[in-house]
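Because the structure is predicted, anything quoted here is derived from the model rather than measured. Note that the numbering runs from 1 along the sequence shown for the chain.
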Amino acid sequence: MNNSSNNRQSSDFFWPSYVDLMTSLFVVMLVLFVYSFKLFKDREGELKRANGELKVKAAELEQITKIRRSLQQLEGKYFKYDPANERHELLVPVQFKSGRDEIQDAYKPALLQAGRRLRTVLKSIKTDQPVRYLVIVEGMAARYPEGDPRNNNEQQATYQLSYRRALNLLNLWKQNSLDFTQDRSIELIIGGSGFFGTGRYAGNREGQNKRFLIQVIPKVGRISSSQIR
């Protein structure tokens with residue numbers, strides 16, 4: 001009788017405990033499920049945002065690639081592309097008098113044609129998104145003969161000299177209705193590299209460093225993910 005009573009008491013105690021345990025496990029599993037689902041949704045959102053950003057970057061790169069291909073139209077009589085330095089060299093063989101910045105009349109017609117060609121090409125490029133162009137006109141200077149002390153003593157002056165040469169080119173274009181600064185899609189910067197800069201001629205070609213370099217850098221407007229299909 002006592003054994004039967006004890007077994008009944010044990011059974012009465014076991015089942016509520018078992019139910020409580022299973023309920024607790026269910027609650028724990030439910031919490032873990034909700035937490036995992038939240039982590040999944042958060043991760044899914046991050047992946048969607050990252051995918052959208054990658055598509056935007058790809059679209060911007062595609063635009064820039066198209067523009068660079070279009071800029072190949074510059075190559076020809078007046079411009080030559082330098083792939084190593086990713087810039088165009090103005091092919092007009094301008095020769096300045098030593099230490100001078102004035103552009104001689106003989107070179108002006110060709111420089112004007114080069115400026116018109118540059119503007120025509122920039123105007124002809126069609127893009128899906130707004131694009132602005134950073135146009136850098138760089139003047140350069142040739143070193144004096146090897147061993148000449150002016151190569152060391154006049155470095156600062158040659159920066160100013162090469163800058164004035166670029167400025168005179170810009171003024172020549174302006175005086176002949178080629179004012180790039182009035183075009184809102186073009187930001188024009190002039191500079192001078194003096195005796196320095198990359199891609200210089202050396203040796204017996206040093207004199208050819210009295211020249212102009214043109215760099216055209218496209219700046220694509222920010223593309224939103226909503227514009228990409």
Side-chain angles (χ1 to χ4, degrees), residues 62-127 131-143 158 161-220:
E62 183 180 4
Q63 289 276 57
I64 292 175
T65 301
K66 287 181 180 179
I67 293 168
R68 287 180 173 173
R69 283 200 296 263
S70 298
L71 288 174
Q72 292 176 359
Q73 300 174 54
L74 276 175
E75 296 186 56
K77 184 177 180 180
Y78 299 109
F79 294 94
K80 179 182 72 174
Y81 184 67
D82 176 3
N85 297 295
E86 298 184 344
R87 65 191 181 190
H88 287 84
E89 177 182 350
L90 195 56
L91 291 178
V92 180
V94 180
Q95 287 297 301
F96 293 92
K97 293 181 179 179
S98 181
R100 307 290 295 183
D101 57 51
E102 298 88 357
I103 298 174
Q104 299 179 53
D105 290 342
Y107 304 113
K108 290 181 179 180
L111 289 173
L112 287 174
Q113 287 297 102
R116 293 187 182 105
R117 180 61 182 164
L118 176 60
R119 185 174 65 177
T120 297
V121 169
L122 293 181
K123 290 287 190 182
S124 68
I125 297 176
K126 305 299 182 184
T127 59
V131 176
R132 299 186 69 234
Y133 299 97
L134 178 63
V135 179
I136 303 173
V137 179
E138 177 185 342
M140 301 181 71
R143 291 178 181 271
T158 58
L161 173 64
S162 56
Y163 172 84
R164 292 197 304 272
R165 289 173 175 173
L167 179 61
N168 282 339
L169 175 60
L170 178 62
N171 288 335
L172 173 66
W173 285 343
K174 280 185 176 181
Q175 292 162 8
N176 289 271
S177 303
L178 281 170
D179 191 352
F180 289 90
T181 60
Q182 291 186 349
D183 192 326
R184 296 184 63 183
S185 66
I186 297 175
E187 180 181 353
L188 193 144
I189 296 177
I190 58 174
S193 56
F195 290 159
F196 305 96
T198 59
R200 289 179 60 86
Y201 295 115
N204 58 8
R205 300 184 67 189
E206 180 65 36
Q208 296 180 39
N209 287 316
K210 298 177 183 179
R211 57 180 172 145
F212 297 108
L213 296 175
I214 308 290
Q215 288 182 263
V216 180
I217 303 172
K219 300 194 294 184
V220 179

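The two atoms that bring A141 and S162 nearest to each other are N-CB, 4.2 Å, heavy atoms only. Between K210 and A142 the shortest heavy-atom distance is CG-CB, 3.8 Å.
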### Task
Check the pair I190 / L169 against side-chain contact (heavy atoms from CB on, under 4.5 Å), numbers first and verdict last.
CA-CA 9 Å; I190 58 174; L169 175 60; over 6 Å; no
#### Entry: side-chain contact (heavy atoms from CB on, under 4.5 Å) evaluation trace for V94 with F212
CA-CA 8 Å; V94 180; F212 297 108; 4.1 Å; yes
(request) Would you please test L213 and M140 for side-chain contact (heavy atoms from CB on, under 4.5 Å) and show each step? (result) CA-CA 8 Å; L213 296 175; M140 301 181 71; 3.5 Å; yes
- Report the C-alpha separation of L170 and V137 in whole Å, then their side-chain angles, then the decisive distance to 0.1 Å, and conclude whether the side-chain contact (heavy atoms from CB on, under 4.5 Å) test is met. CA-CA 8 Å; L170 178 62; V137 179; over 6 Å; no
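R117 CZ to L90 CG: the interatomic distance, rounded to the nearest 0.5 Å, is 13.5 Å. For the atom pair I125 CD1 and Q73 CD, the distance stands at 6.5 Å (nearest 0.5 Å). Atoms CG and CG, on L74 and L118 in that order, are 6.0 Å from each other to the nearest 0.5 Å. A distance of 11.0 Å separates CD1 of I214 from CG of L91, quoted to the nearest 0.5 Å. Between atom CD of residue E138 and atom CZ of residue R165 there is a gap of 12.5 Å, rounded to the nearest 0.5 Å. Distance CG/L167 to CG/L172: 11.5 Å, rounded to 0.5 Å.
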Which donor-acceptor pairs under 3.5 Å do side chains of residues 103-114 form with protein atoms, sequence neighbours excluded?
unit_1	atom_1	unit_2	atom_2	d
Q104	NE2	Q95	O	2.8
D105	OD1	K108	NZ	3.1
Q113	OE1	R116	NH1	2.8

Which side-chain N or O atoms in residues 76-84 pair as donor and acceptor under 3.5 Å with protein atoms at least two apart or in another chain?
unit_1	atom_1	unit_2	atom_2	d
D82	OD1	A84	N	3.2
D82	OD2	N85	ND2	2.6

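Legend: residues meeting salt bridge (charged side-chain N to carboxylate O under 4.0 Å, His left out) with R164, ordered by chain and number and at least two apart, are D101. When the salt bridge (charged side-chain N to carboxylate O under 4.0 Å, His left out) test is applied to R211, the partners found at least two apart in sequence or on another chain are E89.
Looking at T158, its side chain never comes within 3.5 Å of a backbone N or O of G194 through a donor-acceptor pair.
For the ring pair (Phe, Tyr, Trp, His ring centres under 6.0 Å) condition, the pairs that include at least one residue of residues 183-206, sequence neighbours left out, are Y159-F196. Listed by first and then second residue, the salt bridge (charged side-chain N to carboxylate O under 4.0 Å, His left out) pairs that reach into residues 189-205 are R200-E206, sequence neighbours excluded.
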